[in-house]
Amino acid sequence: MPELPEVETMRRGVLAIEGATIEAAQRTPCSKRPISIKPRIDHLNRRVSGTKIVSVDRLGKRVVLRLETGDRLIFEPRMTGLVLIGNPPGREHLRFSLALADGPVQQLLFWDRRGLGRITLLTARQYQEKLGDGSLGPDALEITLPQMVQRFQSSTTPVKVALLDQSRVAGVGNLYASEILHLAKVHPGTACKKVRKNQWQRIHQHMQAVLQLAIEHEGSTLSDGTYRNALNDPGSYQNQHCVYDREGQRCSTCLAAKIQRVVQSQRSTFYCKQCQKR
DNA sequence: ATTAATGTTCAGAA
DNA sequence: TTTCTGAACATTAA
């Protein structure tokens with residue numbers, strides 16, 4: 001599901017919209033319940049129409065269009081949302097479109113099967129407030145080791161659960177959290193305050209390496225096939241997964257133990273009890 | 001036919 | 001303060 005690598009792939013996939021002018025914003029015909037769009041679509045349309053897209057950025061797991069007015073149009077894919085410029089996986093779950101002029105791309109689309117995604121337009125000021133409100137920690141690709149240690153060390157929360165907390169570090173989700181801890185050889189249930197300095201070093205190093213590598217593979221498309229890049233092609237990082245969704249399979253690192261699945265904080269965690277000891 | 005499971009975020013409770 | 005729980009929603013597998 002869209003975590004940092006998948007959202008970064010979406011961002012890169014639609015970069016060609018930079019410099020284009022928005023002609024109209026609209027909900028697209030869709031039989032499902034409407035997704036959350038704020039402010040309401042007619043107001044949003046009025047504010048973005050005729051405005052140029054200055055840049056396409058990423059904020060954690062969100063794609064952010066910076067407009068020449070300073071407003072930010074934010075796409076939040078959550079579980080199954082996709083930001084794309086090519087053919088969507090189907091018309092039935094197409095939720096939103098931006099008609100574009102003055103560039104090589106005619107339209108930007110938001111497709112979302114489950115409909116948990118959100119689209120929000122913020123003023124420059126509201127966006128700055130959002131950046132300062134503490135809800136998002138440093139980006140996972142940017143955070144330094146000392147920053148990471150400082151933001152995690154004092155917590156009693158299990159390290160796997162803490163990695164999912166976007167206010168500590170932004171961008172890691174359920175899939176990559178398991179992969180990171182496996183590569184770092186740290187047990188997912190270890191309380192943050194019990195994680196040793198050299199373990200933080202490995203977590204930090206593998207977090208950035210894994211996310212970077214996954215970006216190069218255009219993210220992970222899981223068995224349900226939902227996640228796609230901006231041209232509606234699947235990613236390929238799923239073929240590199242060591243533990244995620246591999247319960248019962250032999251660990252490819254130690255070639256001995258079978259991958260375990262446990263539930264932490266109501267979500268699946270996968271790990272190898274041989275490679276990842278407490 | 002029903003129920004559980006899927007994973008992200010936020011509001012509200014503990 | 002910090003952590004936990006449930007709800008938002010659609011689809012598939014059991």
Side-chain angles (χ1 to χ4, degrees), chain A residues 1-8 10 27-28 30-38 58-64 74-83 88-96 110-120 122 126 129-131 133-137 139-140 150-181 188-194 211 214 219-228 235 237-238 241 243-248 261-270:
Chain A
M1 319 291 120
E3 304 181 27
L4 187 151
E6 290 76 26
V7 176
E8 176 61 18
M10 289 180 206
R27 288 186 186 275
T28 45
C30 174
S31 56
K32 308 300 173 187
R33 294 190 45 164
I35 62 163
S36 165
I37 297 179
K38 288 181 177 172
R58 180 178 59 76
L59 180 66
K61 302 176 189 174
R62 301 167 171 93
V63 173
V64 180
I74 303 175
F75 295 87
E76 193 178 327
R78 299 224 181 170
M79 292 295 293
T80 53
L82 298 176
V83 177
R91 290 273 142 187
E92 190 187 359
H93 300 100
L94 190 59
R95 311 287 183 154
F96 176 87
F110 187 76
W111 180 94
D112 188 354
R113 181 159 57 73
R114 282 177 69 173
L116 296 175
R118 293 182 168 191
I119 297 173
T120 311
L122 297 183
Q126 288 170 325
E129 280 168 10
K130 169 84 186 160
L131 293 184
D133 73 0
S135 62
L136 283 181
D139 192 84
Q150 186 234 321
R151 303 180 75 89
F152 284 77
Q153 205 175 41
S154 65
S155 174
T156 56
T157 304
V159 60
K160 153 66 164 46
V161 176
L163 280 171
L164 301 182
D165 180 351
Q166 302 299 296
S167 70
R168 297 182 203 272
V169 63
V172 178
N174 200 47
L175 189 164
Y176 292 100
S178 284
E179 293 297 315
I180 290 162
L181 292 175
T190 313
C192 286
K193 53 165 46 165
K194 299 274 190 183
L211 296 175
S220 302
T221 298
L222 303 183
S223 50
D224 76 351
T226 295
Y227 165 72
R228 299 289 164 134
Y237 192 72
Q238 64 281 4
H241 292 172
V243 290
Y244 185 81
D245 211 13
R246 293 197 186 282
E247 181 183 17
R261 186 182 82 93
V262 295
V263 175
Q264 292 179 288
S265 205
Q266 306 128 259
R267 15 247 295 245
S268 296
T269 298
F270 299 87

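Naming: A, B, ... by sequence-line order, numbering from 1 per chain. Keep in mind it's a predicted model, so treat the numbers as computed, not measured.
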(request) For B:dT6, take OP1 and OP2 only and decide whether either is under 4.0 Å from a side-chain N or O of A:Arg261. (result) yes
(message) Please determine whether a side-chain nitrogen or oxygen atom of A:Lys32 lies at a distance below 4.0 Å from atom OP1 or OP2 of C:dC9.
(response) no
(message) Please tell me if A:Arg33 has a side-chain N or O lying less than 4.0 Å from either OP1 or OP2 of C:dC9.
(response) yes
(request) Taking atom P in both B:dA1 and C:dC9, compute the distance separating them and give it to the nearest angstrom. (result) 24 Å
(message) For a quick test of reading the model: is some side-chain N or O of A:Arg168 closer than 4.0 Å to OP1 or OP2 of C:dT3?
(response) yes
(request) Please determine if a side-chain N or O atom of A:Ser135 lies less than 4.0 Å away from the OP1 or OP2 oxygen of B:dT9. (result) no
(message) Both A:Gln166 and A:Val263 contact DNA chain B. Taking the nearest nucleotide for each, which residue is further toward the 5' end?
(response) A:Val263
(request) Return no unless some side-chain N or O of A:His93 is found under 4.0 Å from OP1 or OP2 of C:dC9. (result) no
(request) Could you work out the separation of C:dT1 and B:dT9 based on their P atoms and round it to a whole Å? (result) 23 Å
(message) Check the phosphate of C:dT3 against A:Ser155, side-chain N and O only, distance under 4.0 Å to OP1 or OP2. Yes or no?
(response) yes
(message) Between A:Lys61 (side chain only) and A:Val172 (backbone N and O only), is there a donor and an acceptor less than 3.5 Å apart?
(response) yes
(message) Once you apply a heavy-atom cut-off of 4.0 Å, does A:Thr156 come out as touching a base, just sugar-phosphate, or nothing?
(response) sugar-phosphate
(request) Under a 3.5 Å limit for both distances, which nucleotide forms a Watson-Crick or G-U wobble pair with C:dC4, could you say? (result) B:dG12
(request) Tell me what A:Ser36 touches on the nucleic acid: a base, only sugar-phosphate, or nothing, going by heavy atoms under 4.0 Å. (result) nothing
(request) Taking atom types as modelled, find out whether A:Glu3 and A:Tyr227 have a side-chain donor-acceptor pair closer than 3.5 angstrom. (result) no
